Amino acid sequence: MERLLKAAWIGLRDRFASRVLGTTSPDIPGLGGGLPLITRLAAVVASLAVATIAGRLGGGPFGTLFFFPALMLAGLWGGAALAAAAYGTSLLLAAGFFAGADLPLFAVAAGIQTAAAVLLRLLFRESRRWGVRYRRLLSAISSAVTVSDGRGRIFWPHPDLARLIGLEWPSYRGTGWLASVHPEDRAKLAPSGPFKDVALQSAEIRLKDPCSGDWRWHLMRAVPLLDARGEVEEWISVLTDVHERKLSGEQRDMVVGEARHRLKNLMTIIDSLVKSSRPRDADEAVMAFQKKILGRLHALSAASDLVLANNFSTMSAREVVAATLSPFLEAETGRLSFGGPDLQLREATGGSLALGVHELTTNAIKHGALSVPEGRVAFTWSVSPAREGRLVEMIWKESGGPPPKKPEKDGFGTRVIAFIPSREMHGKVAIEYPPDGYVCRIAFTMPDTVRVTAEVE
């Protein structure tokens, strides 16, 4: 019974706001709706007549008190113009029919009453105006908006929902609307924790299309409204059709998966072709070239796979380094270490980093710290605030190996390393050759929008 009374009250409230206060309703466009002028004029005239008759019947100087409800009605229903006319008319009626009344006092009190009524009308209309804006905004970006109680039951008609699921009121009353939800998706609508602890409930569900009978994907977002005890009193839910986006996302994932599979197969074929094309009596130079070209291809393949896995957007610096060093980690257990914040890099920078780290590793194996058992290599990076964003600093530090020698001129490998920060702001590479080990410092600036999480050991 309480729910029925509440539903009746809400319906009466909305009807009063749309018809009496002149705000919108589903069948009245704009904000100038409400009762016609002739109807409002008739209501004001009738209320003044009733007030005059009641005051005369009551008699005495206090008969003018009956005009105050009429003036309130004129201000709320009629607006400023009719309220002013009603105020002037009430003064004339008071002077003509209530000789013993204190007319100056009545004029002041009636004026305050009329002004208050007009102000209340303006406040009510502004409140409803925001409600109308909210509804129109939601109707432009969603398929339907529903209001239910704390248990998800609907107690008054929702035309948008009725059109969406093809059910007429009251067939979807209470929890009847759940009949249009796919049986496998109904469990998604129940919050995992206590209702009052849920700030936003979001779930993708399938609704049966009333025209085709097919299941269409919709995103349902619901926010709770709490009562004075902190319990959920109502749920405001928005349903948005995401069927095409859902299907395109699934198709994209399938295409990306196929592309990753083909990439790996292609790299396997290239690896096999390079190895099988090597002469049996190949000298060391050929063997070194083969090893170098295959290493760079594998590093590029690992970076490309990460790009595909992240939908061609960004890639994790840690994942790039881990994928690039994976062929060397088993052979150099404990001698290679790396770590830093979980930094998201752009596709171009991540690919350059993969090639550069591979070059640094192969150089360390051939001439640097990894060429002797005692050598160690540490690759770390850090992120700090900068004037134009965030400063990223990467350091490749070798120790325990033979003293490095500065080459007479930069080779192709040095250019590969220098290319790592070339796509970012203020990118620079500094290479040092101290006696205790080779050091390569890479620095560049990224926008503040770059995502950085906790330090990774």
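One is the number of the first residue; the rest follow in order along the sequence. A quick note: this is a predicted structure, and the numbers were derived from the prediction, not measured.
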Close side-chain approach of [X] to [Y], heavy-atom, < 4.5 Å:
| X | Y | answer |
| --- | --- | --- |
| Ile365 | Ser371 | no |
| Ile395 | Val439 | yes |
| Leu345 | Phe444 | yes |
| Leu370 | Leu336 | yes |
| Ser337 | Val377 | no |
| Thr414 | Ile431 | yes |
| Asp185 | Trp217 | yes |
| Trp381 | Val321 | yes |

For the backbone of [Y] and the side chain of [X], can you confirm whether one donor and one acceptor N or O come within less than 3.5 Å of each other?
| X | Y | answer |
| --- | --- | --- |
| Trp235 | Gly150 | yes |
| His218 | His243 | no |
| Arg153 | Gly174 | no |
| Asp227 | Glu231 | yes |
| Arg335 | Ala369 | yes |

Qualifying salt bridge (Lys or Arg N to Asp or Glu O under 4.0 Å) pairs, either residue in residues 430-439, two or more places apart: Lys397-Asp436, Glu432-Arg441
Testing the basics here: between [X] and [Y], what is the closest heavy-atom pair and its distance to 0.1 Å?
| X | Y | result |
| --- | --- | --- |
| Leu164 | Pro210 | O-CD, 3.2 Å |
| Val429 | Ala418 | CG2-CA, 3.8 Å |
| Leu71 | Ala117 | O-CB, 4.0 Å |
| Trp396 | Thr361 | CH2-OG1, 3.5 Å |
| Tyr438 | Pro404 | N-CG, 3.8 Å |
| Ser148 | Ile154 | CB-CG1, 4.1 Å |

Aromatic ring pairing Trp169/Tyr172, orientation class (parallel under 30°, perpendicular over 60°, tilted between): perpendicular
Met72 and Gln113: CA distance, side-chain angles, deciding distance, side-chain contact (heavy atoms from CB on, under 4.5 Å) verdict: CA-CA 7 Å; Met72 176 63 74; Gln113 172 78 18; 3.1 Å; yes
Got a second to check how far [X]'s [atom1] is from [Y]'s [atom2], nearest 0.5 Å?
| X | Y | atom1 | atom2 | answer |
| --- | --- | --- | --- | --- |
| Ser422 | Arg415 | OG | CZ | 13.5 Å |
| Leu325 | His358 | CG | NE2 | 9.5 Å |
| Thr175 | Leu189 | OG1 | CG | 11.5 Å |
| Ser237 | Met220 | OG | CE | 3.5 Å |
| Leu167 | Lys208 | CG | NZ | 10.5 Å |
| Glu168 | Arg173 | CD | CZ | 15.5 Å |

Step-by-step salt bridge (charged side-chain N to carboxylate O under 4.0 Å, His left out) determination, Lys188 to Glu204: CA-CA 8 Å; Lys188 299 179 183 178; Glu204 290 184 347; over 6 Å; no
side-chain contact (heavy atoms from CB on, under 4.5 Å) between Leu226 and Val232, intermediate numbers included: CA-CA 4 Å; Leu226 306 182; Val232 177; 3.8 Å; yes
Flag if over 12 foreign heavy atoms under 6.0 Å of CZ, Arg186: yes
Salt bridge present between Arg151 and Asp149 (N-O < 4.0 angstrom): no
Short N-O contact, Asp342 and Arg318, less than 4.0 angstrom: no
Among Val145, Ile205, Asp160, the one residue meeting side-chain contact (heavy atoms from CB on, under 4.5 Å) with Leu239: Ile205
For Thr349, side chain to side chain donor-acceptor pair (under 3.5 Å) partners two or more places apart: Glu424
Criterion side-chain contact (heavy atoms from CB on, under 4.5 Å) on Leu343 and Met446, from CA distance to verdict: CA-CA 10 Å; Leu343 174 66; Met446 298 188 70; 4.3 Å; yes
Partners meeting salt bridge (Lys or Arg N to Asp or Glu O under 4.0 Å) with Arg216 (sequence neighbours left out): Asp241, Glu244
